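Scroll down for the structure; my scribbles are underneath it.
Being a predicted model, the structure only gives us computed values, none of them experimental.
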Amino acid sequence: MYSKEQVTKMVYSFREDLLRRGIEIGTLEEVEFGKHSNTFGEGFQLSNGNYHIRINEVVFYGDVITTIVHELIHTVKGCMNHGRKFQSIAKFCNNIYNLNIGSYVSVAEKESAKEYRISHSKYIVGCKHCNTMIFRDRYSKLIKNYYNYSCSIC
């Protein structure tokens, strides 16, 4: 497991390395950490042109480097989506760092995230039809009325 300080240092270290290799990574204004339910990381451009990256703490237990580099690629001009330019830079990074950066999370990463959520969530509710799990840290209407829960798929 990595600490927030280690991950922050890795973000800036990879940023500097990619700049040295000629990839025009955007200026980072902040690296933040969270507990997102649907993503391992996200990046967005601020009004001043700099970037903000948020990394989900679940990746501290898995392949944090892939997430870091993925989010850094999004700071390159024209790479806020997963289009051709993003894919080209991702392929380059996969080759130099021996990673598997793609547009979606791998099955192994999803399983790692699920294990993390099982061990770190205060409440876990299962769909009454298919047993899909939903994780919560706060008491809510869902937790109070868990027996009525049915996932969006069902």
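Atom CD of residue E71 and atom CG of residue L28 lie 11.0 Å apart, to the nearest 0.5 angstrom. Here the straight-line distance linking atom CD1 of I134 with atom CD1 of I143 works out to 7.5 Å at 0.5 Å rounding. If you take CD1 on I68 and CD1 on I55, they are separated by 5.0 Å, rounding to the nearest 0.5 Å. Here the CG-NE2 distance, from D63 to H70, works out to 12.5 Å after rounding to the nearest 0.5 Å. In this structure, NZ in K122 is found 13.0 Å from CD1 in I124, a value given to the nearest 0.5 Å.
Residues passing the side chain to side chain contact (heavy atoms under 4.5 Å, CB included) test with H129 are C127, S150, C154, sequence neighbours excluded. For S3, the side chain to side chain contact (heavy atoms under 4.5 Å, CB included) partners two or more places apart in sequence, or in a different chain, are E5, Q6. Applying the salt bridge (charged side-chain N to carboxylate O under 4.0 Å, His left out) rule to K77 yields no partners; only residues at least two apart in sequence or on another chain are considered. For K85, the side chain to side chain contact (heavy atoms under 4.5 Å, CB included) test picks out V76, C79, I89, with sequence neighbours left out. Taking Y147 as the reference, N145 meet the side chain to side chain contact (heavy atoms under 4.5 Å, CB included) condition, with sequence neighbours excluded.
Note: H52 and F44 have parallel aromatic rings, judged against thresholds of 30 and 60 degrees for the angle between ring planes.
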Evaluate Y139 against Y123 for side chain to side chain contact (heavy atoms under 4.5 Å, CB included), listing each step before the verdict. CA-CA 8 Å; Y139 189 80; Y123 303 100; 3.7 Å; yes
Decide side chain to side chain contact (heavy atoms under 4.5 Å, CB included) for R136 and L142; before the verdict, give the C-alpha distance in whole Å, the side-chain angles of both, and the deciding distance to 0.1 Å. CA-CA 9 Å; R136 293 288 185 264; L142 169 69; 4.0 Å; yes
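A salt bridge is defined here as a Lys NZ or Arg NE, NH1 or NH2 lying under 4.0 Å from an Asp or Glu carboxylate O, and K4 with E57 meets this definition.
Taking each heavy atom of F86 and I73 in turn, the nearest pair found is CD1-CG2, 3.3 Å. T66 approaches N100 most closely through the heavy-atom pair CG2-O, 4.1 Å. Minimum interatomic distance between F60 and F33 (heavy atoms only, all atoms of both residues): CZ-CD2, 3.4 Å.
Residues E32 and E30 meet the side-chain proximity criterion, which asks for heavy atoms closer than 4.5 Å.
The backbone N or O of I101 sits less than 3.5 Å from a side-chain atom of N94, completing a donor-acceptor pair. A donor-acceptor contact shorter than 3.5 Å is absent between the side chain of H74 and the backbone of E42.
No single ILVMFWY cluster, assembled from side-chain heavy atoms under 4.5 Å apart, contains both Y51 and L46.
Environment of CG in N48: crowded, with over 12 heavy atoms of neighbouring residues, nucleotides or ligands closer than 6.0 Å. Within 6.0 Å of OH on Y146 lie no more than 12 heavy atoms contributed by other residues, nucleotides or ligands.
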Which donor-acceptor pairs under 3.5 Å do the side chains of residues 9-23 make with protein atoms, sequence neighbours left out?
unit_1 : atom_1 : unit_2 : atom_2 : d
R15    : NE     : G26    : O      : 2.9
R15    : NH2    : G26    : O      : 3.2
D17    : OD1    : R20    : NH2    : 3.4
D17    : OD2    : R21    : NE     : 2.8
D17    : OD2    : Y97    : OH     : 2.4

